[in-house]
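Naming convention: chains lettered A, B, ... in sequence-line order (proteins, then strands); numbering from 1 in each chain.
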Amino acid sequence: MLQIYNSLHNRKEEFVPIEPNKICLYVCGMTVYDYCHLGHARVMVVFDMVYRYLQTAGYEVTYVRNITDIDDKIIKRANENNEPFTELTERFIAAMHEDEAALGILKPSVEPRATGNIPEMIGMISQLIEKSYAYVGSNNDVYYSVAKFEDYGKLSGRKLEDLRAGERIAVDQVKKDPLDFVLWKAAKPEEPAWDSPWGRGRPGWHIECSAMAQKILGDRFDIHGGGHDLQFPHHENEIAQSEACIGHQTVNYWMHNGFIRINDEKMSKSLNNFSTIRQVLEDYRPEEVRYFILNSHYRSPLNYSQEPLDAARAALTRLYTALRGLPVDQITDLGNAPVDSEQEQRFRAAMDDDFNTVEAISVLFELAREINRQRTDENIAGAVKAAALLKKLAGILGLLNTDAEAWFKGQSHVDSDGLSDDEIETLIQQRTEARTNKDWTACDALRDELKAKGIVLEDGPGGTSWRRG
RNA sequence: GGCUGGGUGGCAGAGUGGUUAUGCAGCGGAUUGCAAAUCCGUCCACGCCGGUUCGAUUCCGACCCUAGCCUCCA
């Protein structure tokens with residue numbers, strides 16, 4: 001039985017889909033004015049994991065992740081670059097797709113763009129005005145009247161008076177209430193704009209998600225996710241908009257993933273420590289980043305530094321070592337995995353418990369040990385069986401998708417002085433001859449030479465294998 | 001100030017009212033020409049003070065420390 005921590009009630013709740021065996025999932029995607037950073041990577045990986053797991057749990061999942069391709073930051077950046085905003089957004093959407101592909105993120109079912117759904121947004125704003133939840137300001141901006149929505153604050157656990165007590169809200173003469181937020185922004189000359197009943201302008205950020213979610217998923221859907229910081233005000237405002245417009249609760253479960261810190265500091269512009277996905281991928285392999293993210297609970301804060309990434313590499317090396325040398329076609333044939341095994345049950349129980357990937361991963365290591373044991377006992381059939389299960393379960397997390405041999409021989413961040421596979425094989429061949437002659441001095445010299453270039457040798461009963469470590 | 005979380009062994013990081021997390025690192029053993037890898041065994045733990053309990057790291061309360069949000073932010 002799947003349990004999900006619902007941010008709406010701050011507790012784990014049994015998950016009951018609206019329609020049996022079907023799940024509609026909406027996740028707030030990124031605003032495309034720059035390269036994706038590690039925080040985006042976490043959202044991508046976490047909800048990719050959720051998407052994959054729900055599918056293997058037997059659900060038909062419609063996964064919507066939007067792209068915000070019009071907003072103030074985009075306009076500002078496009079102006080700085082002196083280019084049309086669409087050129088800017090197209091470039092970073094392409095970059096985002098590259099990053100996703102690198103990290104092994106499955107494509108969402110639908111990836112709507114804000115600019116492709118302006119009529120729906122205008123329609124929703126019109127309804128909100130009709131129902132008196134919104135008003136047109138003297139500057140032709142349209143605002144949502146927060147005080148009109150009784151439940152305002154229910155997601156973030158805030159009361160209006162508490163929010164008003166905060167001194168950080170800018171005073172604005174046009175708004176009736178400083179907490180009111182913009183639904184439609186009148187365009188200044190030269191700004192990208194769309195026609196609307198209130199003049200030319202563009203939608204506010206919050207209405208984008210409300211409108212796109214309703215358009216694609218309907219008046220009520222199962223899960224809405226996003227980064228923790230979006231809980232307030234973004235998701236709070238979405239609730240205010242959607243529920244005021246539709247007239248009832250629209251989202252059953254809210255999921256928020258925790259933040260990533262960099263060397264124990266908040267990622268921020270002022271600290272200039274924004275690590276983009278592509279920067280990180282210069283030093284680490286995508287699967288290492290994925291493991292790093294999945295090896296802590298999605299709601300916990302996660303600190304990015306060298307050690308946990310190195311640990312991720314070591315952990316994956318252990319898992320791949322278990323798979324190495326086993327017949328690839330047999331272990332990738334999931335039909336060889338035992339059905340309804342005790343390990344799979346524990347794996348799924350962990351995942352059912354609010355996506356406890358960390359505990360699920362521990363099952364992976366138990367399987368690795370099992371494989372190694374069987375292999376020591378020369379029970380290859382048993383090892384294959386366990387390996388097929390390991391592949392299957394790891395696959396649910398999007399891990400161990402590489403062929404083991406390719407993993408070990410692939411480039412790592414350690415500079416291997418550019419030795420080619422053939423050069424390495426040749427040196428190993430020389431060493432094997434020395435070994436046969438029991439010329440241990442020559443033997444060890446060759447091994448040391450390779451080690452200095454980042455190549456680790458392992459002598460086994462079937463000969464010498466190597467890896468770039 | 002308001003609202004959420006969190007404090008676990010050398011590090012990372014789960015979890016549990018009484019019994020093994022897991023990975024890396026350490027120690028002992030097996031294996032190996034020596035290593036590496038692997039297997040077996042093993043050390044190291046639950047912020048502080050009270051309470052509930054036969055028994056609490058796990059539940060409750062206070063305290064200390066810490067993170068996030070309250071402004072754009074994944």
What interatomic distance, in whole Å, is found between [atom1] of [M] and the corresponding atom of [N]?
N     : M     : atom1 : result
B/U42 : B/A56 : C1'   : 26 Å
B/G7  : B/C60 : P     : 14 Å
B/A25 : B/A12 : P     : 16 Å
B/A21 : B/G10 : P     : 14 Å
B/C44 : B/C39 : P     : 23 Å
B/U16 : B/C59 : P     : 9 Å
B/G18 : B/C11 : P     : 25 Å
B/A36 : B/C24 : P     : 14 Å

If you check every side-chain atom of [X], which of [options] has the closest atom?
X        : options             : result
A/Phe232 : B/C69, B/G33, B/A14 : B/C69
A/Asp162 : B/A14, B/C3, B/A36  : B/C3
A/Asp444 : B/G68, B/A74, B/C34 : B/C34
A/Asn356 : B/C3, B/A14, B/C69  : B/A14
A/Thr321 : B/A14, B/C34, B/A37 : B/A37
A/Asn372 : B/C39, B/G2, B/C72  : B/C39
A/Arg158 : B/G2, B/G33, B/A74  : B/G2

Would you classify [X] as touching base, sugar-phosphate or nothing, given that sugar-phosphate means primed atoms plus P, OP1 and OP2, and contacts are heavy atoms under 4.0 Å?
X        : value
A/Arg77  : nothing
A/Gly39  : base
A/Ser300 : sugar-phosphate
A/Arg373 : sugar-phosphate
A/Met267 : base
A/Lys438 : nothing

Who are the salt bridge (Lys or Arg N to Asp or Glu O under 4.0 Å) partners of [X], not counting sequence neighbours?
X        : value
A/Glu433 : none
A/Glu287 : none
A/Arg447 : A/Asp444

According to salt bridge (Lys or Arg N to Asp or Glu O under 4.0 Å), does anything in [range] pair up with another residue at least two apart or in another chain? List the pairs.
range                       : answer
residues 386-402 of chain A : A/Glu344-A/Lys392
residues 149-159 of chain A : A/Asp151-A/Lys154, A/Lys154-A/Glu243
residues 349-369 of chain A : A/Lys12-A/Asp353, A/Arg299-A/Asp354, A/Arg346-A/Glu366

| request: Taking Watson-Crick and G-U wobble pairs with both distances under 3.5 Å, convert RNA chain B into its dot-bracket string, 5' to 3', dots for unpaired and | for cross-strand pairs. | output: (((((((..(((.....[...))).(((((.......)))))....(.(((..]....))).))))))))....

| query | With sequence neighbours left out, what residues match A/Glu80 under side chain to side chain contact (heavy atoms under 4.5 Å, CB included)? | reply |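 Listed in chain order: A/Lys76, A/Arg77.
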
| Looking at residues at least two apart in the chain, or sitting in another chain, which of them share a side chain to side chain contact (heavy atoms under 4.5 Å, CB included) with A/Ala102? |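 For A/Ala102, the residues satisfying side chain to side chain contact (heavy atoms under 4.5 Å, CB included) (neighbours in sequence not counted) are A/Leu281.
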
Suppose we call a contact any N or O donor and acceptor under 3.5 Å apart; does that hold for the side chain of [X] and the base of [N]?
X        : N     : answer
A/Arg447 : B/A35 : yes
A/His37  : B/A74 : yes
A/Asp310 : B/C11 : no

For nucleotides 22-26 of chain B, tabulate all protein N/O to nucleotide N/O atom pairs closer than 3.5 Å, reporting atom names and distance.
| unit_1 | atom_1 | unit_2 | atom_2 | d |
| --- | --- | --- | --- | --- |
| B/G23 | OP1 | A/Arg369 | NH2 | 3.4 |

Under 3.5 Å between N/O atoms: give me all the protein pairs with nucleotides 64-67 of chain B, atom names plus distance.
| unit_1 | atom_1 | unit_2 | atom_2 | d |
| --- | --- | --- | --- | --- |
| B/A67 | O3' | A/Arg261 | NH2 | 3.2 |

| said: Heavy atoms within less than 4.0 Å of RNA chain B: which residues of residues 3-10 of chain A have one? Give them sorted by number. | reply: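 Residues of residues 3-10 of chain A that come under 4.0 Å of RNA chain B are, in numerical order, A/Tyr5, A/Asn10.
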
| query | About how many Å separate OH of A/Tyr5 and OH of A/Tyr298, when rounded to the nearest 0.5 Å? | reply |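 The distance works out to 9.0 Å.
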
| task | In plain terms, say whether A/Glu90 and A/Arg113 are close enough for a salt bridge, that is, a side-chain N and a carboxylate O under 4.0 Å apart. | result |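 Between A/Arg113 and A/Glu90 there is a salt bridge, with a charged N closer than 4.0 Å to a carboxylate O.
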
| query | With centres under 5.5 Å and planes under 30°, do A/Phe259 and B/A74 count as stacked? | reply |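 Whether judged by distance or by angle, A/Phe259 passes, so it stacks on the base of B/A74.
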
Between atom [atom1] in [X] and atom [atom2] in [N], what is the gap in whole Å?
X        : N     : atom1 : atom2 : value
A/His297 : B/U8  : NE2   : P     : 17 Å
A/Tyr304 : B/A12 : OH    : C1'   : 15 Å
A/Tyr33  : B/C73 : OH    : P     : 9 Å

| Do we get A/Arg285 above A/Trp407's six-membered ring, with its NZ or CZ under 6.0 Å from the centre and within 45° of the axis? |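 Flagged: A/Arg285 positioned over aromatic ring of A/Trp407.
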
| So among A/Val61, A/Val27, A/Asn252, A/Leu25, which one has a side chain to side chain contact (heavy atoms under 4.5 Å, CB included) with A/Ile223? |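 Of A/Val61, A/Val27, A/Asn252, A/Leu25, side chain to side chain contact (heavy atoms under 4.5 Å, CB included) with A/Ile223 is met by A/Leu25 alone.
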
| message | For a 4.5 angstrom cut-off between non-hydrogen side-chain atoms, does A/Phe85 reach A/Asp69? | response |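 No, every pair of side-chain atoms sits at 4.5 Å or beyond.
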
